[in-house]
Protein chains: 2
Amino acid sequence: MPNQRTLTAEPPREDLAARLLEEAEALVRRDGPDGVALRELARACGSSTMAIYTLYGGKPGLMQALYAIGFARLHAYALEVEEREAPLRWMVRQMLAYRRFALDHTGMYRLMFGGEKRFSPTGRHSQFVSLSVPVEDAYPAFAALVDAVGTCLAHHSNTAPAPAEVQDLAFLVWGQMHGLVGLEIAGYADPDDALPRYQSAVRFICASMGADAAAIDAEIAAAG
Amino acid sequence: MPNQRTLTAEPPREDLAARLLEEAEALVRRDGPDGVALRELARACGSSTMAIYTLYGGKPGLMQALYAIGFARLHAYALEVEEREAPLRWMVRQMLAYRRFALDHTGMYRLMFGGEKRFSPTGRHSQFVSLSVPVEDAYPAFAALVDAVGTCLAHHSNTAPAPAEVQDLAFLVWGQMHGLVGLEIAGYADPDDALPRYQSAVRFICASMGADAAAIDAEIAAAG
DNA sequence: ATCGACTCAATAACGTTGTTATATGAGGTT
DNA sequence: AACCTCATATAACAACGTTATTGAGTCGAT
């Protein structure tokens, strides 16, 4: 019998490594970060668990790859709303997009921010690592947030804010977003109140950056 | 040989149910929420895993009991800083105590807010339940936060704020605290910046409630 | 005082988990 | 053609949560 991987093309079967990751992402979506079982994953891909070991070095390596995918997805959400010529709109939509990502990818979000293990953003199978570089350098998704905060702040204050100030504020914004979304995902938010409360957080933050209240509300309404 | 539980008093051995919970809390502290292994737990308590099943109905029941303990501990942190006659001080210390709890009980915090499973705050072994009551009613720790926010807001605005407004603001405050602390625990915060940034969040929030900036800073400094 | 019913926990087993050792077999090189 | 390399299938191992079975202890009633 010929090599199963190269010849059996009934499902297009492309690269096994990519196929494993796809299926693992589906498992995370269905059962959360702990729902990824190597045997089930291998079965779903028509291979044995050994493939995961040769391709990813084991479960931690696989989860690390998944984790990197999660950040790429988050980054895509951020890129989609970038609008440099309308900083307030950009800021508002950036914040709303963050929540949308978390609700669209609950399992992935918990994998990324559950704190179960800390992964390196760039490592080749290289296990979890404590960050020694600023997060904005490591995760493009956060660079996008810093960018939005910086341009929005510059636009409304008519002066160039200090980089440190921008990073500090961006971190607070990130904390506000992550906190509200995390509570919502964990089940601590009334489903009816979650969105309006998140929107009021957007209002608070944009107003503290000097934006006009009516303009903020208009952007929130427009983002629907 | 007599009953091991009632007679062998070499370690005082008190109630096995309480002993199991103690040891489980220690395991959560050491290895996180997923570090609680029934076999290891039973071994540490000198019993078999069956005791856990008769006393707590299984691992979910045990985790639920642990979860309730976590909220009791958080509530204790909140009670310790209650100062009704100094609302700003109360508010500042409440926020700082929240972070202190999370850093003192990282594993427990992740169990409570990791969103892995949602537990009922009051249930007897009764598994995880979706909340149908406002969280303030279910968790005294959050009632304390609502209380602090309400009195602080009333004190600085010289008028009685609407309960809904208080709850909305308290939720945003909770979200800010949880978000910053969650990012810090998950490893996304520069260890040197985490505290000052949290403090500046405290400043932001208290200022938005009408408190004087210098007074806020004084309280933060006094709280050490 | 003795017997029966009940409770509780220890033992052993089952299925599943991640991981590792062994073996097989195809692909490329000499 | 013989060899080497490398990836994967198979099988086994330890540990996990859970369950069935068994035995010991307690309590109440006769």
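The shown structure was predicted, so the numbers you read here are calculated from the model rather than taken from an experiment. Quick note on labels: first sequence line is chain A, next is B, and so on, each numbered from 1.
One can place CG of A:Leu62 at 14 Å from C1' of C:dT19, the figure rounded to the nearest angstrom. When rounded to the nearest whole Å, the span between CG of A:Asp34 and P of C:dT16 equals 18 Å. Per the geometry, CD belonging to B:Glu40 stands 18 Å off P belonging to D:dA14, to the nearest Å. Atom-to-atom, CG of B:Leu41 to P of D:dA15 comes out at 17 Å; the value is rounded to the nearest Å. Spacing between atom CG of B:Asp15 and atom C1' of C:dC8 amounts to 13 Å, rounded to whole angstrom units. Distance CD1 (A:Ile52) to P (C:dT19): 10 Å, rounded to an integer number of Å. Between the CG atom of B:Leu20 and the P atom of C:dC8 there is a distance of 14 Å, given to the nearest Å. One interatomic measurement links the two molecules: CZ of A:Arg43 to C1' of C:dT17, which rounds to 12 Å at whole-angstrom precision.
Ranking C:dA9, D:dT10, C:dA10 by closeness to the B:Ser47 side chain, first place goes to C:dA10.
At D:dT19, none of the side-chain N or O atoms of B:Tyr53 fall inside 4.0 Å of OP1 or OP2 (strictly under the cut-off). Distances shorter than 4.0 Å separate some side-chain N or O of B:Ser48 from OP1 or OP2 on C:dA10.
Between B:Asp147 and B:Arg84 a salt bridge is recorded (basic side-chain N to carboxylate O distance below 4.0 Å).
For the 3.5 Å distance criterion, the side chains of A:Trp174 and A:Tyr98 qualify, holding a donor opposite an acceptor.
Applying the 6.0 Å contact sphere to CZ of B:Phe71 captures more than 12 heavy atoms from other residues, nucleotides or ligands.
Checking A:Arg39 against A:Ala51, the closest nucleotide of DNA chain D that is more toward the 5' end is the one next to A:Ala51. Residue-to-nucleotide proximity on DNA chain D shows that, of B:Lys59 and B:Met50, the 5′-proximal contact is made by B:Lys59.
The two atoms that bring B:Phe113 and A:Ala186 nearest to each other are O-CB, 3.9 Å, heavy atoms only.
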